[in-house]
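Following: one structure in structure tokens, then a few remarks.
Here, residue 1 is the first one in the sequence, and each next residue gets the next number. As the structure lists them, so they are numbered: ligands from 1, and atoms in each ligand from 1.
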Amino acid sequence: MTARLSLGATPRPVISVRHLSKAYPLRVWWGGRGHVFQAVRDVSFDIAPGETLGLVGESGSGKSTIGRAVTMLNPPTAGTVAFEGTDLATLTPQAMRRMRSRIQTVFQDPYAALNPRMSVGAYVAEAFRLHRPEMAAQDRRDAVAQLFGRVGLDPVFMVRYPHQFSGGQRQRICIARAIALKPSFIVADEPIAALDVSIQAQVVNLLQDLQADLGLSYLFISHDLRMVRYLCHRVAVLWRGRIVELAESDRLYDDPRHPYTRRLLAAVPLPDPAAERARLAAAAPAPHGAGLPGDLVEVAPGHWVAAED
Ligand SMILES: Nc1ncnc2c1ncn2[C@@H]1O[C@H](COP(=O)(O)OP(=O)(O)O)[C@@H](O)[C@H]1O
Ligand SMILES: [Mg+2]
């Protein structure tokens with residue numbers, strides 16, 4: 001991928017990822033060192049203010065690894081992540097701590113994120129206690145109550161504990177904490193995957209409302225391709241740790257170019273069985289061979305596809 005990868009983001013991107021790679025050390029039974037598993041290779045993308053970039057790909061393709069690398073929860077082994085123009089790798093630990101308030105993550109399992117022994121109000125207030133220690137207790141309570149209202153929860157629930165809530169309510173609590181410090185960028189890693197289907201749309205709509213109100217940018221990681229099309233402005237398709245296609249959502253779904261993207265989209269069941277059969281038949285065979293796709297080529301404005309070698 002080249003420097004002309006502007007990806008349509010005319011204003012300064014909120015997040016700018018270049019040549020990001022992540023290798024995990026392999027533990028082998030003889031205790032050998034130096035063996036690594038390359039989970040993500042040479043991934044580049046920008047996300048503009050107020051934009052949602054979807055990241056799709058099968059399980060194990062490296063989606064969560066990218067999510068953790070761009071938030072520096074698990075930093076990349078190569079490449080750069082710039083947040084609002086600042087290369088995160090250059091920050092001192094103190095500066096990174098301050099930056100953390102502006103970059104947040106919402107995870108798949110809200111129950112695991114919450115502390116079972118802490119009231120949910122205290123959990124949300126913890127964001128202020130950690131990052132705004134000067135805040136008075138009453139101001140903190142008011143701010144938390146306001147956040148509860150913002151995510152569609154009655155503030156009287158603040159004194160309750162995580163087990164007293166449904167999955168959707170718990171995810172709302174995690175979202176309240178994520179937006180507490182007025183971030184500009186949120187990584188949402190499968191945020192609806194663990195929720196009842198009936199609840200998923202409500203949480204997605206909440207994310208959309210918050211984006212409109214707060215100008216948030218999202219990296220939305222999901223294997224729910226329909227929801228991704230609905231929610232995301234652009235979509236990146238990840239295959240074996242590489243982006244093989246990146247385009248505006250409608251373009252990607254209507255005119256997928258990479259064989260892997262076609263296969264992925266063909267796997268989405270369509271309501272009409274005849275259309276589904278036709279779609280499956282039209283799908284390209286699985287890409288194979290040892291050679292992973294090389295650089296991305298811009299086949300149409302803003303539509304990038306990995307060149308096949
Ligand atoms: N901490 C880790 N140590 C070693 N390998 C890991 C670690 N985390 C993830 N992996 C491996 O990296 C690959 C990508 O994982 P992940 O990013 O979780 O994919 P996804 O979120 O798309 O399912 C997988 O093969 C996974 O087994
Ligand atoms: Mg994952």
Do Leu246 and Arg234 come close enough that some side-chain heavy atom pair is under 4.5 Å? yes
Distance under 4.0 Å, heavy atoms only, partner ligand 1: which residues pass? Tyr24, Phe37, Ala39, Glu58, Ser59, Gly60, Ser61, Gly62, Lys63, Ser64, Thr65, Arg68
Sidechain N-carboxylate O distance under 4.0 Å for Arg226, Asp224: no
Any non-hydrogen side-chain atom of Ile66 less than 4.5 Å from a side-chain atom of Leu238? yes
For a distance under 2.8 Å, tell me if Ser59 has an N/O/S atom near the Mg ion (ligand 2). no
No-hydrogen, no-angle side-chain donor-acceptor test under 3.5 Å, Arg102 and Ser184: yes
Can any side-chain N or O of Arg12 pair as donor or acceptor with the backbone N or O of Glu84 at less than 3.5 Å? yes
Determine yes or no for a side-chain-to-main-chain donor-acceptor pair under 3.5 angstrom, with Thr77 supplying the side chain and Ser21 the backbone. yes
